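So the structure is just underneath, and the comments pick up after that.
Chain letters run A, B, ... following the sequence lines, proteins first and then strands; every chain starts at 1. Here the structure is a predicted model, which is why all the values come from computation and not from measurement.
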There are 2 protein chains.
Amino acid sequence: MISQTAEYALRAIVFLGNQAGEACTTAQLADEIDAPPSYLAKVMKGLTRAGIVGSQRGLHGGFTLARNPCDVTVLEVVNAVDAFHRIPQCPLGRPAHTSGLCPLHRRLDNVMAVAERSLEQATIGEVLEEPGLLCTLPCISRSALNAKHGASV
Amino acid sequence: MISQTAEYALRAIVFLGNQAGEACTTAQLADEIDAPPSYLAKVMKGLTRAGIVGSQRGLHGGFTLARNPCDVTVLEVVNAVDAFHRIPQCPLGRPAHTSGLCPLHRRLDNVMAVAERSLEQATIGEVLEEPGLLCTLPCISRSALNAKHGASV
DNA sequence: GTAATTATAGATGTGAAGATCTTTTTAGTG
DNA sequence: CACTAAAAAGATCTTCACATCTATAATTAC
């Protein structure tokens with residue numbers, strides 16, 4: 001349901017959301033969120049096309065979050081790179097069942113619907129502001145963050 | 001989330017549940033549920049190992065549902081062939097986060113939990129007895145069913 | 001016993017997602 | 001302008017779920 005690609009995309013968005021407008025290159029991002037750089041480039045393209053991040057080429061370019069984190073849902077990010085699939089009709093497509101789903105697939109689709117709603121209710125803003133944890137970034141320690149902000153860049 | 005393999009397994013279980021104890025060979029099953037026969041054989045092995053279906057070799061052998069359909073959850077079937085994955089810990093495994101999940105992955109795991117619960121609440125018995133649809137079997141029409149029960153076997 | 005039928009086991013093939021690499025285009029800097 | 005930094009684009013490689021095939025073991029019928 002959450003593909004590896006979607007996982008990278010979410011990490012990237014959360015990281016950018018914490019960067020307060022600072023542009024971030026693919027190489028930087030890849031290092032921070034522990035994703036393969038060349039693959040991340042492809043993932044970021046998807047997020048750019050979807051309008052979730054803005055991109056700037058050339059020197060001092062990079063990616064920035066294009067929208068308010070509180071308005072970006074986790075589902076949007078997932079869909080931007082790897083569309084979430086519901087069950088539109090019975091997979092076997094027998095003539096008698098072109099409209100509506102059989103009992104089995106109705107239930108399975110319901111599971112997907114529940115999951116989809118759950119993904120839609122979570123926003124990036126919420127994730128960023130979640131209290132009670134050491135890290136606001138997924139799996140990146142505060143110390144690493146401070147080091148980065150204090151030293152280089 | 002619901003892999004192709006799990007889809008085949010569910011169709012097979014629903015079909016067997018509707019067969020009232022009649023043993024069904026892999027070839028028959030594959031034909032009925034529209035699954036690749038040789039692959040279905042492998043899927044059925046998983047269901048057998050999990051104790052959800054019983055198997056009988058030799059002439060007049062085949063598979064039968066080993067338990068009361070009402071006691072078999074959709075989740076059990078899925079897990080028998082293609083384990084449902086929660087997020088046990090932060091995928092990056094930074095030392096600081098070995099216990100508990102970061103805000104992002106806590107939410108993602110929550111989505112999985114919601115889906116898992118939903119899969120667990122649906123039983124095969126429910127699917128079989130669902131009213132208001134032409135088919136009790138997924139995507140197999142009543143007429144096809146009657147033909148089968150009336151004629152051969 | 002033999003032959004037929006069927007599940008079981010394991011080796012092998014295939015395609016799509018995941019990942020990498022190279023080239024091109026765009027933007028800033030001196 | 002030339003030079004460099006960075007995203008965009010697209011070709012290619014890799015890996016794993018999905019699928020197939022062949023051989024073996026178990027059961028029944030005769």
Side-chain angles (χ1 to χ4, degrees), chain A residues 1-12 16 19 22-66 78-85 91 152-153, chain B residues 1-12 16 19 22-66 78-85 91 152-153:
Chain A
M1 184 161 56
I2 306 290
S3 66
Q4 191 60 41
T5 304
E7 166 78 30
Y8 293 150
L10 285 167
R11 286 190 213 164
L16 288 178
Q19 285 284 90
E22 281 286 319
C24 190
T25 70
T26 303
Q28 271 181 285
L29 249 180
D31 189 52
E32 295 284 358
I33 71 177
D34 208 352
S38 22
Y39 190 58
L40 183 61
K42 188 172 280 185
V43 174
M44 295 311 291
K45 250 189 294 184
L47 293 172
T48 305
R49 264 195 296 269
I52 298 174
V53 303
S55 64
Q56 177 71 18
R57 296 208 238 194
L59 198 60
H60 303 148
F63 296 98
T64 51
L65 199 57
V78 171
N79 273 330
V81 296
D82 183 18
F84 188 85
H85 290 310
S152 58
V153 174
Chain B
M1 183 163 55
I2 307 291
S3 67
Q4 190 61 40
T5 304
E7 167 78 32
Y8 293 149
L10 285 167
R11 288 190 211 163
L16 289 178
Q19 285 284 90
E22 280 287 319
C24 191
T25 71
T26 303
Q28 270 181 286
L29 249 180
D31 189 51
E32 295 284 358
I33 70 176
D34 207 354
S38 23
Y39 190 58
L40 183 62
K42 188 171 281 187
V43 174
M44 294 311 292
K45 248 190 295 183
L47 294 171
T48 305
R49 264 195 295 268
I52 298 174
V53 303
S55 64
Q56 176 71 18
R57 295 207 240 195
L59 199 60
H60 305 146
F63 296 97
T64 50
L65 198 57
V78 171
N79 273 331
V81 295
D82 183 19
F84 187 85
H85 289 310
S152 57
V153 173

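With DNA chain D read from its 5' end, the first of the two nearest nucleotides for B:Asp82 and B:Gly58 is the one closest to B:Asp82.
Side-chain proximity of A:Gln56 to the nucleotides C:dG28, C:dA7, C:dG18 is greatest for C:dG28. Here C:dT6 is the nucleotide among C:dT5, C:dT6, C:dT29 with the atom lying nearest to any side-chain atom of B:Thr25.
The closest side-chain donor-acceptor pair between B:Asp82 and B:Ser3 falls under 3.5 angstrom.
Here the shortest heavy-atom pairing between B:Tyr8 and B:Ile33 reads O-CD1, 3.7 Å. The two residues B:Pro37 and B:Thr26 have their closest heavy-atom pair at O-CG2, 3.5 Å.
The stretch residues 52-64 of chain A participates, sequence neighbours left out, in no side-chain hydrogen bond (donor to acceptor under 3.5 Å, both in side chains) pair at all.
For the pair B:Leu59 CG and C:dA3 P, the computed distance is 16 Å after rounding to whole Å. Distance CE (A:Met1) to P (C:dA17): 17 Å, rounded to an integer number of Å.
Between B:Arg57 and the phosphate of C:dA4, there is no side-chain N or O to OP1/OP2 separation shorter than 4.0 Å. Look at B:His60 and you won't find any side-chain N or O under 4.0 angstrom from OP1 or OP2 of C:dA4.
Considering only heavy atoms from C-beta on, B:Leu16 comes within 4.5 Å of B:Met44 through its side chain.
Note that the CD1 atom of A:Ile2 and the CZ atom of A:Phe84 stand 7.5 Å from one another [nearest 0.5 Å]. Atoms NZ and OG1, from A:Lys45 and A:Thr48 in turn, are 9.5 Å apart once rounded to the nearest 0.5 Å. The distance from atom CG of A:Leu10 to atom OG1 of A:Thr5, rounded to the nearest 0.5 Å, is 11.0 Å.
Here B:Ser38 lies in heavy-atom contact (under 4.0 Å) with a base.
With A:Gln28 contributing its side chain and A:Thr25 its backbone, the two residues share a donor-acceptor pair below 3.5 Å.
Of all nucleotides in DNA chain D, those with any atom nearer than 4.0 Å to a heavy atom of chain A start and finish, going 5' to 3', at D:dA5 to D:dA11.
Of the residues in residues 39-47 of chain B, those placing a heavy atom less than 4.0 Å from an atom of DNA chain C are B:Lys42, B:Lys45, in numerical order.
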